[in-house]
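Numbered from 1 within each chain, the chains take letters A, B, ... in sequence-line order.
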There are 2 protein chains.
Amino acid sequence: MSNYEQLKLENQLCFPIYAASRLVTQLYTPLLKKLDITYPQYLILLVLWEYKSLSVTEIGEKLLLETNTLTPLLQRMEAKGILLRIKSESDERRKIIELTKYGLQMEKIACQIPVELAKSVSKGFSVERAMRLKEDLKLLIESLTRDN
Amino acid sequence: MSNYEQLKLENQLCFPIYAASRLVTQLYTPLLKKLDITYPQYLILLVLWEYKSLSVTEIGEKLLLETNTLTPLLQRMEAKGILLRIKSESDERRKIIELTKYGLQMEKIACQIPVELAKSVSKGFSVERAMRLKEDLKLLIESLTRDN
DNA sequence: ACAATTTATATCGTGTGCGATATAAATAAT
DNA sequence: ATTATTTATATCGCACACGATATAAATTGT
């Protein structure tokens with residue numbers, strides 16, 4: 001036993017967040033295989049399906065990711081023919097990210113993913129609890145992203 | 001706007017889990033710098049302070065990590081003088097992981113980390129909500145790790 | 001106008017995670 | 001007893017994350 005109660009794994013909030021995150025990603029992996037993408041790539045697609053056209057930084061603001069993560073990720077997706085990285089006319093520093101026809105079409109297949117996921121989570125985890133969890137996490141994220 | 005309501009980032013449970021996990025890790029980083037370790041290395045230390053002596057697979061069971069993640073991680077920690085990887089006498093396949101004197105001493109400094117963390121999270125996130133979040137996440141993890 | 005600063009993206013290095021596979025030791029099956 | 005299977009750890013390859021830094025374009029200050 002640890003000499004300090006607060007250092008026991010059981011008493012940490014950080015570990016369940018970390019473990020749940022990895023488990024959820026693992027849950028997505030087989031579903032995303034149909035689209036030949038990874039989980040972070042799926043998140044990029046989610047924001048692009050929703051907002052159509054965004055700069056690298058704008059995607060980063062929505063997903064809380066920096067350009068040093070996004071640039072290679074977007075390059076890989078461009079190489080797969082999912083999206084285009086177009087230099088902005090008005091501001092030559094910016095790259096406008098837009099989905100290709102293929103990237104847009106992927107949405108039709110992807111729309112089944114949340115449905116299938118809900119099915120496999122719902123065993124032993126109610127919708128109400130999932131909603132509460134989502135709201136609590138959003139509040140935590142908000143408190144962690146405030147300038148502090 | 002996405003054509004499918006269920007594909008909007010706002011409606012996903014997966015994204016808050018993923019984002020919160022990264023934000024929490026980022027919150028730990030400056031605190032762990034004093035010990036010159038990373039967040040996953042801190043988790044290894046937590047279980048070793050608590051259980052003293054564990055095999056690679058046993059650590060993996062507690063942290064839900066595979067040996068392909070743990071082996072290099074433990075090798076790096078061994079190189080830093082934090083722990084030892086001792087071949088088991090009774091079963092030559094097993095490696096028993098034990099903390100060095102240095103690794104054990106780190107606990108005295110680490111015990112302040114949960115205290116400092118609680119301080120920075122408590123602004124805008126109550127203890128009750130943190131407890132509820134932890135329990136909900138544990139239930140989610142349980143439902144995701146059941147054989148299904 | 002021009003130097004200083006800021007902003008947008010990219011590059012580099014290190015450390016995870018994890019699927020796939022390898023290797024060696026232990027156990028089970030015949 | 002010998003072969004087949006299982007178990008424990010390790011190796012390999014790839015894709016993130018992210019701190020640190022670089023580069024180029026835009027903006028600000030004087």
For this session: Would you indicate what B:Thr57 reaches in the nucleic acid, counting non-hydrogen atoms under 4.0 angstrom: base, sugar-phosphate, or nothing?
Result: sugar-phosphate

Problem set entry | Phosphate OP1/OP2 of D:dA15 contacted by A:Gln41 side-chain N/O (<4.0 Å) | no

Exercise. D:dA15 P sits how many Å from A:Ile82 CD1, rounded?
Worked result: 12 Å

Problem set entry | Interatomic distance, B:Leu23 CG vs D:dA17 C1' [rounded to whole Å] | 12 Å

Problem set entry | Length of the CG-P vector between B:Leu32 and D:dG19, whole Å | 13 Å

For this session: Give the rounded distance in Å between these two atoms: CG of A:Leu64 and P of D:dC18.
Result: 9 Å

For this session: For B:Glu66 and D:dG13, give me the distance from atom CD to atom C1', rounded to whole Å.
Result: 17 Å

For this session: Look at A:Arg76 and D:dC16 and indicate whether a side-chain polar atom (N or O) is within less than 4.0 Å of OP1 or OP2.
Result: yes

Seminar exercise, completed: In whole angstroms, the gap separating C1' of D:dT27 from CZ of A:Arg94 amounts to 15 Å

For this session: Report which part of the nucleic acid B:Thr38 touches: base, sugar-phosphate, or nothing (heavy-atom distance under 4.0 Å, all strands).
Result: sugar-phosphate

Exercise. Counting any heavy atom closer than 4.0 Å, what does A:Asp91 reach on the DNA or RNA strands: base, sugar-phosphate only, or nothing?
Worked result: sugar-phosphate

Problem set entry | D:dT11 OP1/OP2 closer than 4.0 Å to side-chain N/O of B:Gln75 | yes

Seminar exercise, completed: Rounded to whole Å, the CG-P distance (A:Asp36 to D:dC14) equals 14 Å

For this session: Check the angle between the aromatic planes of A:Tyr28 and A:Tyr39 and answer parallel, tilted or perpendicular using the 30° and 60° thresholds.
Result: tilted

Exercise. Rounded to whole angstrom units, what separation is found between the CG atom of B:Asn68 and the P atom of D:dA15?
Worked result: 16 Å

For this session: Would you check if the side chain of B:Gln6 reaches a backbone N or O of B:Gln12 as a donor-acceptor pair within less than 3.5 Å?
Result: no

Exercise. Which part of the nucleic acid, if any, lies within reach of B:Leu70 when heavy atoms closer than 4.0 Å are counted: base, sugar-phosphate only, or nothing?
Worked result: nothing

For this session: Could you list where the contact with chain A starts and ends along DNA chain C, reading 5' to 3', using a 4.0 Å heavy-atom cut-off?
Result: C:dT7 to C:dA20

Problem set entry | Phosphate OP1/OP2 of D:dC18: any B:Tyr39 side-chain N/O under 4.0 Å | no

Exercise. Counting heavy atoms not belonging to A:Glu98, are there more than 12 under 6.0 Å from its CD?
Worked result: yes

For this session: Mind checking B:Ser55 for me? I need base, sugar-phosphate or nothing, with any heavy atom below 4.0 Å counting as a touch.
Result: sugar-phosphate

